[in-house]
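See structure below.
Counting convention: from 1, in listed order, for ligands and their atoms alike.
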Amino acid sequence: MSAEPISQTPSVPNSPQTQMDYPGNLFVVSAPSGTGKSSLVKALLELDSRLQVSVSHTTRVPRGQEQQGREYHFTSKDEFAAMIEHGDFFEHAEVHGNHYGTSRHAIEDRIKGGEDVVLEIDWQGALQIKKIFPNAILIFILPPSYEELLQRLNRRGEDTPEVIEVRMANARIEVGQAQFFDFVVVNALFESALFDLKTIVHAQRLKYAAQRRNKSVVFRALNLV
Ligand code: 5GP
């Protein structure tokens with residue numbers, strides 16, 4: 001039986017490789033309070049110098065060692081309202097009674113310039129971002145169980161029993177949003193969840209459009225467009 005020659009033109013044409021809107025990747029990480037999202041994102045940033053975090057604006061008051069411009073841009077309610085009015089935010093949402101928002105300035109220039117940016121925001125903001133940047137990569141971090149989440153919130157010792165009750169009630173709503181995200185990471189074991197996050201970031205950098213940009217010499221040598 002003779003072997004079929006390899007056709008240079010596939011019978012089922014490849015779909016054209018969609019260009020990313022911007023050369024940089026936009027990773028959006030959401031999770032219920034107490035899931036370990038902040039620690040995971042912090043560890044990810046320490047491991048990956050190509051990732052930049054976006055600092056949000058919030059109307060809540062600073063906690064503990066938090067510094068103006070480092071964890072958040074702490075703003076008054078009036079300033080926040082004025083920023084909404086001026087269209088300064090890509091997204092904003094009310095979370096646990098405070099307002100939070102991602103300014104255009106915080107991400108647009110960076111991803112246009114090819115930087116990879118991480119947003120650590122709530123699910124409402126994440127879904128708003130996806131509408132503006134369909135190529136944004138939405139990652140939801142789940143706790144292994146509600147029992148474990150409750151234990152973590154209690155161990156953290158930051159909140160009163162009433163606040164923990166509210167956080168647990170919110171967590172049940174938030175977890176239901178995971179289905180709208182691109183990726184889900186279960187934070188049962190920190191190191192394993194961190195590995196999953198790193199894998200997601202790495203996989204994005206191996207996409208055709210990204211490789212064409214980063215390995216342009218190889219692509220040209222292979223006559224790839
Ligand atoms: P915290 O006050 O504990 O720092 O944050 C409360 C929640 O607000 C967390 O889920 C956090 O991810 C979310 N958050 C922080 N910044 C933003 C933001 O810019 N936009 C939105 N939508 N949520 C945010």
Exercise. With distance as the sole test, does Lys130 use its side chain to make a donor-acceptor pair with the main-chain N or O of Ala136 at under 3.5 Å?
Worked result: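 Side chain of Lys130 to backbone of Ala136: a pair is present.
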
Problem set entry | Check: Arg205 side chain, Ala210 main-chain N or O, donor-acceptor pair, under 3.5 Å |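 Not confirmed, Arg205 side chain does not pair with Ala210 backbone.
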
Purely on distance, is any nitrogen or oxygen of [X] under 3.5 Å from one on ligand 1?
{"X": "Arg60", "answer": "yes"}
{"X": "Gly101", "answer": "yes"}
{"X": "Glu91", "answer": "yes"}

For this session: Output, in order, the C-alpha distance, side-chain angles, deciding distance and verdict of side chain to side chain contact (heavy atoms under 4.5 Å, CB included) for Asp48 and Lys198.
Result: CA-CA 9 Å; Asp48 189 335; Lys198 279 192 295 186; over 6 Å; no

For this session: With side chain to side chain contact (heavy atoms under 4.5 Å, CB included) as the test, would you mind laying out the steps for Gln124 and Gln177 before giving the verdict?
Result: CA-CA 9 Å; Gln124 305 170 80; Gln177 307 300 319; over 6 Å; no

Quick one: nearest non-hydrogen protein atom to [atom], plus distance?
{"atom": "atom 19 (O) of ligand 1", "value": "Ser56 OG, 2.7 Å"}
{"atom": "atom 3 (O) of ligand 1", "value": "Arg63 NH2, 3.1 Å"}
{"atom": "atom 22 (N) of ligand 1", "value": "Asp122 OD1, 2.6 Å"}
{"atom": "atom 15 (C) of ligand 1", "value": "Tyr72 OH, 3.2 Å"}

Problem set entry | Pairing of Glu148 and Arg155 as salt bridge, 4.0 angstrom limit |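 Yes, Glu148 and Arg155 are salt-bridged.
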
Problem set entry | Cationic N near anionic O, under 4.0 Å, Arg60 to Glu66 |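 Here Arg60 pairs with Glu66 in a salt bridge, since their nearest N and O are under 4.0 Å apart.
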
With heavy atoms of [X] as the reference, note each atom of ligand 1 found under 4.0 Å away.
{"X": "Glu120", "answer": "12 (O), 14 (N), 15 (C), 16 (N)"}
{"X": "Ala93", "answer": "22 (N)"}
{"X": "Gly125", "answer": "22 (N)"}

For this session: Could you tell me if any non-hydrogen atom of Gln124 lies under 4.0 Å from any atom of ligand 1?
Result: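 Checking ligand 1 against Gln124, which is what was asked, there is no heavy-atom contact under 4.0 Å.
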
For this session: Check each of Tyr100, Phe89, Phe90 against atom 8 (O) of ligand 1 and report the one with the nearest heavy atom.
Result: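 Checking each option, the heavy atom nearest atom 8 (O) of ligand 1 is found in Tyr100.
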
Problem set entry | Verdict with reasoning, Phe219 to Tyr208, per side chain to side chain contact (heavy atoms under 4.5 Å, CB included) | CA-CA 10 Å; Phe219 272 56; Tyr208 190 95; 3.7 Å; yes

Heavy-atom contacts under 4.0 Å between [X] and ligand 1: side chain, backbone, both, or neither?
{"X": "Lys37", "value": "side chain"}
{"X": "His92", "value": "neither"}
{"X": "Val95", "value": "side chain"}
{"X": "Gln128", "value": "neither"}

Exercise. When you check the side-chain N and O atoms of Lys131 and Gln128, is any donor under 3.5 Å from an acceptor?
Worked result: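 Short answer, no.
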
Exercise. Relative to each other, are the rings of Phe80 and His92 parallel, tilted or perpendicular (30° and 60° limits)?
Worked result: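 Correct class here is perpendicular.
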
For this session: Quick one: sort the Phe133 and Phe90 rings into parallel, tilted or perpendicular, breaks at 30° and 60°.
Result: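 Phe133 vs Phe90 ring planes: perpendicular.
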
